[in-house]
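Letters A, B, ... are given to chains in the order of the sequence lines, protein chains preceding strands, and every chain is numbered from 1.
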Amino acid sequence: MAGVIECAGLTKYYGKTRGVEGLTLEVPQGSVYGFLGPNGAGKTTTIRCLLGILRPTAGEARLLGQRVVLDGARLRARVGYVPGEIHLFEKETGRWHIDYVSRLRKAPPSAAQELVERLDFDPSRKVKELSKGNKQKLALILGLMHAPEVLILDEPTSGLDPLNQETVFHIIEERVKEGATVFLSSHVLSEVERVCDRVGIIREGRLAAEESVRDLLGKRLRELTVTFAEPVEPGFFEGVAGLTRLEQRGPETFSARVKGDHLDEVVKRLATKRVADLSIQHASLEEVFMEFYRSEDGGTALPADAGAEGGAEA
Amino acid sequence: MSWTVIRASLWQRRTSLAWYLGGLAFYSWLMVWYWPSIGGSQYKELVESLPPEMLKMFGGTVVSFGTIGGFFQIEYLGLMWMLIVLSAAFIYASRAFAGEIADGTMELTLAQPISRATLAVSRVAGLVIISAALSLTTFGTLQLFGAAYDVKIAAESLCQLIGLGALFILAGGGVCMLVSACVRGGGKAGGIAAGLFALMWASDIVANVSDVADFFGPVNLVSKWQPGVIMDGGSVEPATWWLYGIVALVSLVASVAIFTRRDAA
């Protein structure tokens, strides 16, 4: 293996409870890997194994070519981490946290002031006085302020307003341009589309699928809800390809999922009637994966390369 | 060892530590102020009228009740002081590992380039500082305020009291830190350690009437704590120093070893 972030048969059990099982993945230098999955799938467990906070039951995690061990202090000097659940010292200020992390890293926070300004964060306030969004900003500042080579970001824009989300995307893109490698856990399709090169989905502790964002975009899935100005017959969408879960919710209202490149066809059919309201939203990446990889018996049919890279067979 | 971790650990406990240190100083003043009005033969008669089991509850029967050492052991240093200093040490030690893991703040620290061993040793160093501060405050203020009320402790006895007091707190805190390194949740760690010490105390009392209850035997940290003997100019057995020293050393070394190998989330 030669990636900056690697997991090889990574397995973690908490007693008899499964965290992750046989997880194998590789993130090359300078790329952004989107790591997706429902709650309890094993995302945070994987991240904690990568940081040496948890000891794997079997397999190994590697960062920057070195095996991650519980005591691997030097390795963590090159990694920035933004946790999914922010736990900070409630009685202390943002400035205290910045100083604390800087002292532990024995390095001045080269980008702290810039991040404080760009995220419009007030470091003089105590953590207990901060909103969820401001705590998220502080976690981002702490994770990014030393310009690390590897960024491990667990839901980095959670709780942020759209303007700050945009700022975070810019910062991630800038860091990638500077050569950083990013491991990003997210549920938001637009976020992953925007910054990730490759996406893996973890389900029940196993890598269920792995694909490039370019390929995934070809399979774009949308949630459609339409209300017509007048009642429409139930067979209105007959013959339109790429529609799933079609449901008539009333005489005028339909909802459905539109797969891949069939949106044009759907819009043309809609245009034959007077539309009173229309909503088209991107489905979450997880739903996209599940829609495309769910086999007829309810299991998951993996794409061709997922078995080789994903460890789902373990 | 990381000074940053030591400083941050103590800073996190600043409010409770300030109250504990201030409270001990106040209690010391109260006791030295109280001594001239009730101490001596009058006090001895009063205390000796109590059943021995009750006396044991308040700090043992090793010392003579008519002396300064006897008075302070029964009224202050025997039971109340143990409760105060052990709770202060337990608050710190229970949070050192188990509490921070449960709160999630351990993750913030462990995501930084600091080894587990360095972090754990620094937390131990924090406990050493707290133990020394609590002991120094107790006996230092006894001596300081005592000058105004005719309560004098010889310099050698004072050094012994400060040293043995710090070692006792360190042993108690060390036991709690060991539990903290093994479990998740500061409340659980503190509760287990407090329960263990309550059991030692109960065993010490009941052993007065039944040897069967003396199941901690020579390793009962509570029954070995006899500061009154030192205040009266005597010395505790060397075995007491050894016991506290060994318990502190073993529990703290074990807590560091366990923390470096455990999951921290």
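The contact list for residues 85-109 of chain A toward chain B, using heavy atoms and a distance under 4.5 Å, reads A/His87, A/Leu88, A/Phe89, A/Lys91, A/Glu92, A/Trp96, A/His97, A/Tyr100, A/Val101, A/Arg103, A/Leu104, A/Arg105 by residue number. Using a 4.5 Å heavy-atom cut-off against chain B, the contacting residues of residues 115-145 of chain A are A/Leu142.
The stretch residues 243-254 of chain B participates, sequence neighbours left out, in no salt bridge (Lys or Arg N to Asp or Glu O under 4.0 Å) pair at all.
Closest heavy-atom contact between A/Ala73 and B/Ile114: CB-C, 3.6 Å.
With a threshold of 4.5 angstrom between heavy atoms, B/Thr118 does not approach chain A through any atom at all. At a 4.5 Å heavy-atom cutoff, the contact between B/Thr105 and chain A is made by backbone and side-chain atoms alike. Heavy atoms closer than 4.5 Å to chain A are found in both the backbone and the side chain of B/Arg261. With a 4.5 angstrom heavy-atom cutoff, B/Glu100 touches chain A only via side-chain atoms. Proximity to chain A is limited to the side chain of B/Leu108, based on heavy atoms less than 4.5 angstrom apart.
Under a 4.0 Å N-O distance rule, the pair A/Lys12/B/Asp263 qualifies as a salt bridge.
Ranked by non-hydrogen atom pairs under 4.5 Å with chain B, the options A/Ile53, A/Ile152, A/Leu51, A/Leu54 are led by A/Ile53.
In this structure, the side-chain hydrogen bond (donor to acceptor under 3.5 Å, both in side chains) partners of A/Ser185, at least two apart in sequence or on a different chain, are A/Asp154.
Judged by distance alone, the side chains of A/Tyr81 and B/Glu107 do bring a donor and an acceptor atom under 3.5 Å apart.
B/Trp241 CH2: more than 12 foreign heavy atoms inside a 6.0 Å radius.
Judged purely by atom type and a 3.5 angstrom limit, A/Arg74 has no side-chain atom pairing as donor or acceptor with the backbone of B/Pro113.
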